[in-house]
Every structure is written in structure tokens, then in C-alpha cells.
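Below is one structure, written out as C-alpha cells, with a few remarks after it.
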Amino acid sequence: MNQKVVLITGCSSGIGLALAVHIAKDEKKRFMVYATMRNLSKAEPLVEAAGRTLGRTLEIKQLDVCDEASIKACVDSLPERRVDILISNAGMGLIGPIECQSIEEMKSVMDTNFFGLVRLLKEILPDMKRRKKGHIVVISSVMGIQGILFNDIYAASKFALEGFCESLAIQALRFGLNISLIEPGPVITEFERKVYDEGLKIDLSKADKVTADMFTNVYLKNYKQIFETLGQTPEDVAEHTLKIIIMDNPPFRHQTNTLYTPMTTLKYADPNGDLPIETFYKMVFEHDKVFTASLNFIKLLHWRSRKSFKLEKSN
Ligand SMILES: NC(=O)C1=CN([C@@H]2O[C@H](COP(=O)(O)OP(=O)(O)OC[C@H]3O[C@@H](n4cnc5c(N)ncnc54)[C@H](OP(=O)(O)O)[C@@H]3O)[C@@H](O)[C@H]2O)C=CC1
Ligand SMILES: CC1=C(/C=C/C(C)=C/C=C/C(C)=C/C=O)C(C)(C)CCC1
């Protein structure tokens, strides 16, 4: 059986866990999945979800994307060091006003979300080039295309990924390699809970009153509802990703959340870049019921983009 070797990072929870299980459970058994995590003591949920695939089409290994030695040890442990499909998923979020965040916290986000991929590729890309075969799949975000209020550093880390991959994709083509950026909108995982809980703990004393109020009473206040209304499941993202890895000519970018695409489209619709910024500003600040108005707007754009909605005046 000619199985493709898939290496996935950050499989202790969320999207990584769902990806590992979904790909390992492929009915045609087309893949051998190495599901990695930095801390093997967190393997229990994956072991449980993997069920009978464990030891068959799924194996669990240690890998910390911030530790070059652990990446090398993991790749060295694979038969012939072969990775056909790398899914770079490990990542972390960070929200809040920058004046309340330390440079250390910010560096940790860049180190995980951006340099994590760079470290992986320094180890894996030369082998892929030699074999002239390979697919690099990066779990980016809609925030790799577009910034969102109080996500300045997180969005920067995802923009960095996108710039890096866009540059590398040209070189990769010369070797017959593919690169794909998966761009989910909000996904209901541990990420959401961790980011929200950390957000609640932020010491806002270094921020002025307007900023502190904006963060607490606009952003945090609506945060959970945004995930409840727009959020996808990690399984849904895994299904999208499986479709991408089985394609002969996979796309460079793929957004997984159709409810969100009208917002990212605003970016492409205006080369000056003002349209998304002004729209988000209006969504947040020029309505009493911020969230309801924002969601109505998203739905409106969604319907319009499908050309099946006759615009009606709302009050
Ligand atoms: N949830 C969302 O709304 C969205 C998430 N994404 C992206 O999806 C990816 C997965 O996030 P998600 O599943 O939601 O969140 P989770 O918090 O559930 O999962 C994050 C995973 O990354 C791991 N991780 C963190 N740091 C490292 C590291 N140094 N080395 C190896 N693994 C590490 C975590 O391990 P540990 O348990 O040890 O901390 C965990 O397994 C991230 O890149 C995120 O940016 C993109 C769009 C939306
Ligand atoms: C504030 C705000 C919004 C919030 C979006 C959020 C919170 C998106 C989160 C995405 C995540 C978590 C991606 C992870 O990579 C909307 C709905 C665009 C409307 C305009 C104002």
C-alpha cells in the first residue's frame, strides 16, 4: 500500500486533534499520520478519539515547534525521514491592547506561530526538494489576510506566515512542491477559551480609559457571541483540509468559513485598503447594538454574494 506520510503539529487539542483523527480514519487508508504534540502527557484526548487507528494509521510523537532539537529528533525517527504532507497547525492566540502586553508575550506568539513553521521547514524542506515531492499545508487564519480589533500581534504573526509562504511558493513550484494556506474564521476550540480567559486577566491600568473601555465593553463583551454565531467546528476545518490534501492541484489559499468570506472580500475589493477598516469601524462603533448590527451586515453581504438576495431596506 502506497500511503502518504502526514506529519501534523499541535495535536493535543482542537484543529490539530481533529485533523489527525479525520485523516487517519480515511476509509481508503491513504495516509499514515504522525500526530505530534509538545507535551505527551496531554495525549489522552487524542488516544481516545483515534480509537482503532492508533498503531495502524496514526502514531503519536513528541514535537515542540519552538525547539529545533525536538523537530529534528521527530523527523529522524520517521522511516527514511519521509514527510509527504506537512500540516503546520501548532499556534497560540493573544488579544488585548499592546500597551498592556509585554514584548516577551508578543515574541512568544511570533516564535510559535511564525518561527515554528520556519523551524519545521528548515528540517523538512531540503528532503522534499530532493524528492521533488511534498505538500506544505499551513493553518493560517482569516487574520492572515485581515486584521481584527485587539488582535494586533496575533494577526501580525499570521500575516508573517502568509508573506513567508507566498514567497516560498514560487521557489517550491520549481521543485514540484505545493504550499497551501488554510484560512479558518473563528473555530470553537481551546483557543477560544484560553484567549478569552487570558483577556479577562489583562491588567488594563496601562491603557487609557477609552482603550480599556473598548476592549472590555466592546471586544470582550461580544467575543463569545461571535464564536457562537460564526464559529466552525474543528472537524469542519479538518474536512476542508482533507479535501485540499487529496487534490492534484491544491489551491494556495483556502478559506473554510463561507459566513466570513464577505468580510475578507472587502480587502480584495479595495486596493486602497480603506474599505475593510472603515466597515469594521462602523460595525463596532456606529451602532448601538454592535453585535446584532454586525451580524446582519455579514448576512447581508453573504446573501448578496450569492446573488439570491433582493436587497431590502432595513430600519
Ligand atoms: N480557534 C480558532 O478560532 C482559530 C484557530 N486558528 C489556528 O489553528 C491552529 C490550531 O488552533 P486551535 O486548534 O484552535 O487551538 P488549540 O489551543 O486547541 O490548539 C493549539 C495547539 O497548538 C499546540 N502548541 C502550542 N504551542 C506549541 C509548540 N510550541 N509546539 C507544539 N505545539 C504547540 C497546543 O499544545 P498545548 O496543548 O501543549 O498547548 C495545541 O495542541 C492555530 O495555529 C491557530 O492560530 C486559525 C483560525 C481560527
Ligand atoms: C470585532 C469584530 C469582529 C470579530 C471577529 C473575530 C473575533 C474573529 C476571530 C477570528 C479568529 C479567532 C481567528 C483565529 O485565527 C467581526 C465579527 C469581524 C465584526 C467586526 C468587529
Side-chain angles (χ1 to χ4, degrees), residues 8-20 35-43 45-46 61-67 70-71 74 87-95 108-109 111-117 119-120 138-151 154-155 157-158 161 181-196 199 214-215 218-227 229-234 237-238 241 255-257 259-260 262-264 266 276-277 279-285 287 290-298 301:
I8 311 172
T9 62
C11 296
S12 67
S13 65
I15 298 172
L17 188 153
L19 277 169
T36 71
M37 60 186 73
R38 61 175 161 180
N39 183 355
L40 287 175
S41 71
K42 288 191 170 178
L46 175 60
K61 287 186 177 283
Q62 196 274 340
L63 190 156
D64 181 340
V65 299
C66 294
D67 175 358
S70 103
I71 297 174
C74 179
I87 307 187
S88 174
N89 163 76
M92 60 189 289
L94 182 68
I95 57 169
S108 165
V109 174
D111 199 34
T112 308
N113 295 4
F114 173 58
F115 285 107
L117 172 68
R119 285 188 198 93
L120 286 166
V138 178
I139 308 299
S140 175
S141 165
V142 289
M143 279 198 246
I145 312 173
Q146 198 165 50
I148 294 283
L149 184 69
F150 290 123
N151 279 272
Y154 177 73
S157 76
K158 294 293 182 179
L161 276 184
L181 292 159
I182 307 292
E183 299 168 328
V187 184
I188 301 150
T189 64
E190 282 297 292
F191 180 98
E192 175 206 355
R193 187 191 54 76
K194 284 184 268 191
V195 163
Y196 183 77
M214 213 191 297
F215 181 60
V218 176
Y219 191 77
L220 278 184
K221 195 173 150 205
N222 290 300
Y223 185 82
K224 291 212 160 175
Q225 222 184 335
I226 290 171
F227 274 80
T229 318
L230 285 179
Q232 271 183 300
T233 63
V237 176
T241 309
Q255 290 180 45
T256 62
N257 191 329
L259 260 188
Y260 210 99
M263 311 228 259
T264 45
L266 294 174
I277 296 170
T279 308
F280 283 168
Y281 184 87
K282 284 182 182 142
M283 281 167 129
V284 175
F285 299 110
H287 295 273
V290 173
F291 186 68
T292 314
S294 299
L295 283 183
N296 284 342
F297 186 74
I298 294 161
L301 286 168

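Every number for a ligand or one of its atoms is a count from 1 in the order of the listing. Scope of the values below: all heavy atoms of this structure, side chains included, with no hydrogens, waters or symmetry mates. The chain is numbered in sequence order, starting from 1.
- Which parts of ligand 2 touch Tyr154 is read off a 4.0 Å heavy-atom cut-off, strictly below it: atoms 14 (C), 15 (O).
- Residues satisfying the salt bridge (Lys or Arg N to Asp or Glu O under 4.0 Å) criterion with Asp67, sequence neighbours excluded, are absent altogether.
- The heavy atom nearest to atom 2 (C) of ligand 2, out of those in Leu149, Ile226, Thr229, is found in Ile226.
- Close contacts of ligand 2 with Ser141, meaning ligand atoms under 4.0 Å from a residue heavy atom, involve 13 (C), 14 (C), 15 (O).
- Close approach of ligand 2 to Met263 is summarised as follows: ligand atoms under 4.0 Å from at least one heavy atom of the residue are 17 (C), 18 (C).
- Annotation: ring-ring contact (aromatic ring centres under 6.0 Å, His included) contacts of Tyr223 (sequence neighbours excluded): Tyr196, Tyr219, Phe227.
- Listed by atom number, the atoms of ligand 2 under 4.0 Å from Tyr219 heavy atoms are 7 (C).
- Residue Cys66 holds its SG atom at 7.0 Å from CZ of Arg38, rounded to the nearest 0.5 Å.
- The Val284 neighbourhood of ligand 2 comprises atoms 21 (C), with distances under 4.0 Å to a heavy atom of that residue.
- For Phe215, the ring-ring contact (aromatic ring centres under 6.0 Å, His included) partners at least two apart in sequence or on another chain are Phe150.
- The main-chain N or O of Val237 is never found under 3.5 Å from a side-chain atom of Thr256 such that the two would form a donor-acceptor pair.
- When each of Ile182, Thr9, Ile8 is tested with Leu19 by the rule side chain to side chain contact (heavy atoms under 4.5 Å, CB included), just one qualifies, namely Ile8.
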Any protein N or O within less than 3.5 Å of an N or O in ligand 1? List each pair with its distance, or say none.
{"residue": "ligand 1", "atom": "1 (N)", "partner": "Val187", "partner atom": "O", "Å": "3.1"}
{"residue": "ligand 1", "atom": "1 (N)", "partner": "Thr189", "partner atom": "OG1", "Å": "3.2"}
{"residue": "ligand 1", "atom": "3 (O)", "partner": "Val187", "partner atom": "N", "Å": "2.8"}
{"residue": "ligand 1", "atom": "3 (O)", "partner": "Val187", "partner atom": "O", "Å": "3.3"}
{"residue": "ligand 1", "atom": "13 (O)", "partner": "Ile15", "partner atom": "N", "Å": "2.8"}
{"residue": "ligand 1", "atom": "14 (O)", "partner": "Thr189", "partner atom": "OG1", "Å": "2.6"}
{"residue": "ligand 1", "atom": "17 (O)", "partner": "Phe191", "partner atom": "N", "Å": "3.4"}
{"residue": "ligand 1", "atom": "17 (O)", "partner": "Lys194", "partner atom": "NZ", "Å": "2.7"}
{"residue": "ligand 1", "atom": "18 (O)", "partner": "Ser13", "partner atom": "OG", "Å": "2.7"}
{"residue": "ligand 1", "atom": "19 (O)", "partner": "Ser13", "partner atom": "OG", "Å": "3.4"}
{"residue": "ligand 1", "atom": "22 (O)", "partner": "Gly91", "partner atom": "N", "Å": "3.4"}
{"residue": "ligand 1", "atom": "29 (N)", "partner": "Asp64", "partner atom": "OD1", "Å": "2.9"}
{"residue": "ligand 1", "atom": "30 (N)", "partner": "Asp64", "partner atom": "OD1", "Å": "3.4"}
{"residue": "ligand 1", "atom": "30 (N)", "partner": "Val65", "partner atom": "N", "Å": "3.0"}
{"residue": "ligand 1", "atom": "35 (O)", "partner": "Ser12", "partner atom": "OG", "Å": "3.4"}
{"residue": "ligand 1", "atom": "37 (O)", "partner": "Ser12", "partner atom": "OG", "Å": "2.6"}
{"residue": "ligand 1", "atom": "37 (O)", "partner": "Lys42", "partner atom": "NZ", "Å": "2.9"}
{"residue": "ligand 1", "atom": "38 (O)", "partner": "Arg38", "partner atom": "NE", "Å": "2.9"}
{"residue": "ligand 1", "atom": "39 (O)", "partner": "Arg38", "partner atom": "NH2", "Å": "2.8"}
{"residue": "ligand 1", "atom": "41 (O)", "partner": "Gly10", "partner atom": "O", "Å": "3.1"}
{"residue": "ligand 1", "atom": "41 (O)", "partner": "Ser12", "partner atom": "N", "Å": "3.4"}
{"residue": "ligand 1", "atom": "41 (O)", "partner": "Ser12", "partner atom": "OG", "Å": "2.7"}
{"residue": "ligand 1", "atom": "43 (O)", "partner": "Asn89", "partner atom": "O", "Å": "2.7"}
{"residue": "ligand 1", "atom": "43 (O)", "partner": "Lys158", "partner atom": "NZ", "Å": "3.1"}
{"residue": "ligand 1", "atom": "45 (O)", "partner": "Tyr154", "partner atom": "OH", "Å": "2.6"}
{"residue": "ligand 1", "atom": "45 (O)", "partner": "Lys158", "partner atom": "NZ", "Å": "3.0"}

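- Of the heavy atoms in Phe227, only side-chain atoms (C-beta onward) come closer than 4.0 Å to ligand 2.
- Around the CZ atom of Phe115, the shell of radius 6.0 Å holds no more than 12 heavy atoms that belong to other residues, nucleotides or ligands.
- Ligand-side atoms of ligand 2 in range of Tyr260: 5 (C), 8 (C), 18 (C), range being under 4.0 angstrom from any heavy atom.
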